[in-house]
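Structure, as structure tokens:
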Amino acid sequence: MRFAFSATGGVFYHLIARRRYRTSWAPFRARVRAWLEPWLAQAGVVPCVDSVLGHTNELIVFGPSAGWTLPLDLFAGFSRVIFVEPDPIARFVLKRRLPRRVRAEFVSRADLLPWTSKASGEFDRFLSRHPQATVLFSNVLGQIPLIARHHGPDMQHEFLQALAGRRWASYHDLYSGSASGASLTAAREPSAVFASGSVTDHETAWLSESTAAPASLALWPLTDETVHVIEFVSSAPAKA
């Protein structure tokens with residue numbers, strides 16, 4: 001039940017998403033697709049659906065929720081997609097929304113990321129069981145300050161060390177607050193985007209600082225009153 005009414009999702013989020021994902025969220029969803037599709041293609045991890053030649057080509061998606069902002073059809077080319085989602089409502093809805101061609105597996109654990117795990121190294125141990133997998137963090141890392149009591153540099157280091165040498169990408173909250181109608185011009189300065197009042201810094205700037213690829217931004221109008229600045233980062237190691 002704790003996930004059903006959590007600060008980062010749950011029932012109310014799914015009700016909002018169901019109402020808005022085809023309308024006011026559509027430009028943001030298109031932006032996610034425009035970023036994710038070429039990254040997957042450049043990484044060489046999206047074969048044709050019928051061309052998996054006996055090798056394992058996995059994608060791990062952390063925090064997909066019900067996939068309201070994800071281009072789920074893009075996942076059909078993988079031999080397996082592992083969705084790590086502890087919210088039972090989100091898993092139920094996601095299973096219903098997934099295209100039949102997506103070969104999906106679901107992991108319900110909420111203790112895999114360094115900030116939420118009970119033991120150091122749990123994130124690395126989980127990834128080591130999927131050595132060739134590409135990893136996508138689906139709008140989840142910006143929630144860490146809201147759900148974890150400890151989120152210092154040691155855990156950031158553990159996170160990046162576990163992903164070293166692996167293709168991974170993340171889109172996540174950078175800031176959120178009351179919408180002012182401003183554009184993304186100078187969006188890294190919160191006052192350029194948000195109306196006066198409280199602004200939440202989701203403490204994710206370190207992610208773009210850790211990757212060689214340039215980061216990009218988009219606005220996500222969560223509700224009529226609230227907008228999030230979303231940052232996109234990716235790391236695609238050079239092929240051998």
Side-chain angles (χ1 to χ4, degrees), residues 3-4 8-110 112 126-127 129-141 143 166-172 216 218 220-222 228 230 232-234 236:
F3 294 108
T8 60
V11 173
F12 298 118
Y13 170 76
H14 297 300
L15 290 174
I16 292 169
R18 182 68 181 84
R19 187 171 64 250
R20 301 177 70 94
Y21 84 106
R22 293 184 185 275
T23 56
S24 60
W25 289 13
F28 174 66
R29 291 172 59 234
R31 179 67 184 86
V32 174
R33 173 181 285 275
W35 164 74
L36 188 58
E37 189 169 21
W39 176 74
L40 291 173
Q42 290 166 9
V45 294
V46 181
C48 296
V49 174
D50 60 352
S51 66
V52 179
L53 304 178
H55 65 279
T56 300
N57 186 14
E58 293 182 329
L59 174 69
I60 302 173
V61 184
F62 282 88
S65 184
W68 296 114
T69 64
L70 283 169
L72 297 173
D73 59 295
L74 292 185
F75 301 153
F78 289 90
S79 60
R80 181 168 58 164
V81 183
I82 302 168
F83 293 102
V84 182
E85 177 52 66
D87 179 355
I89 298 173
R91 293 197 306 273
F92 174 79
V93 178
L94 179 58
K95 289 175 184 179
R96 294 175 65 88
R97 299 188 66 243
L98 275 175
R100 291 184 178 182
R101 294 182 302 163
V102 177
R103 305 167 184 88
E105 177 181 313
F106 293 86
V107 175
S108 61
R109 292 180 59 181
L112 291 178
F126 175 75
L127 292 182
R129 295 195 287 272
H130 308 276
Q132 303 302 318
T134 296
V135 184
L136 172 65
F137 300 91
S138 175
N139 210 11
V140 65
L141 297 178
Q143 299 174 18
R166 187 186 293 266
R167 295 183 179 92
W168 65 274
S170 171
Y171 65 106
H172 46 262
S216 58
W220 179 31
L222 181 64
H228 292 231
I230 302 296
F232 300 85
V233 302
S234 61

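We use all heavy atoms of the structure for the numbers below, so side chains are in, but hydrogens, waters and symmetry mates are not.
Rounding to the nearest 0.5 Å places CD1 of I89 at 10.0 Å from CZ of F92. Rounding to the nearest 0.5 Å places CD1 of I16 at 5.5 Å from CG of L222. In this structure, NE2 on H172 lies 13.5 Å from NE2 on H228, to the nearest 0.5 angstrom. Taken to the nearest 0.5 Å, the CH2 atom of W168 stands 14.0 Å off from the CD1 atom of I60. The distance from atom CH2 of W68 to atom NE2 of H14, rounded to the nearest 0.5 Å, is 8.0 Å. Expressed to the nearest 0.5 Å, how far CG of L94 lies from CG of L70 amounts to 8.0 Å.
Using bins of under 30°, 30° to 60° and over 60° for the plane-to-plane angle, the ring pair F75/F78 lands in the perpendicular bin. A perpendicular orientation is assigned to the rings of Y13 and W220, their planes being inclined by more than 60° (bins at 30° and 60°).
For R19 against T23, the heavy-atom pair with the smallest separation is O-OG1, 3.6 Å. Taking every heavy atom of both residues into account, R97 and Y21 meet most closely at NH2-CE1, 3.4 Å. The two residues A218 and R31 have their closest heavy-atom pair at CB-CG, 3.6 Å. For the residue pair L141 and S170, the shortest heavy atom distance occurs at CD1-OG, 3.5 Å. Residues A110 and P86 approach most closely at CB-CB, 3.7 Å, considering heavy atoms. For the pair S108 and R91, the tightest heavy-atom approach, listed with the atom from each and the gap, is CB-NH1, 3.3 Å.
Residues V102 and L72 form no side-chain contact, since every pair of their non-hydrogen atoms from C-beta on lies 4.5 Å or further apart. Using a 4.5 Å heavy-atom threshold, the side chains of V32 and W25 count as separate. In this structure the side chain of R29 never reaches within 4.5 angstrom of the side chain of P71, judged on heavy atoms.
The backbone N or O of A133 sits less than 3.5 Å from a side-chain atom of R166, completing a donor-acceptor pair. Distance alone, capped at 3.5 Å, is enough to place a donor-acceptor pair between the S79 side chain and the N57 backbone. Formation of a donor-acceptor pair under 3.5 Å by the E105 side chain with backbone atoms of I82 is not found in this model.
Residues that satisfy the ring pair (Phe, Tyr, Trp, His ring centres under 6.0 Å) test with F137, not counting sequence neighbours, are F62, F159.
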task = Show your reasoning for whether side-chain contact (heavy atoms from CB on, under 4.5 Å) applies to R33 and D73.
result = CA-CA 10 Å; R33 173 181 285 275; D73 59 295; 2.4 Å; yes

query = Are V107 and L112 close enough, and set up right, to give a side-chain contact (heavy atoms from CB on, under 4.5 Å), and what steps lead you there?
reply = CA-CA 10 Å; V107 175; L112 291 178; 4.2 Å; yes

request  = Let me see the working for L136 and L36 under side-chain contact (heavy atoms from CB on, under 4.5 Å), right down to the final yes or no.
outcome  = CA-CA 9 Å; L136 172 65; L36 188 58; 4.1 Å; yes

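Residue R18 places its CZ atom among 12 or fewer non-hydrogen atoms of other residues, nucleotides or ligands, all under 6.0 Å distant.
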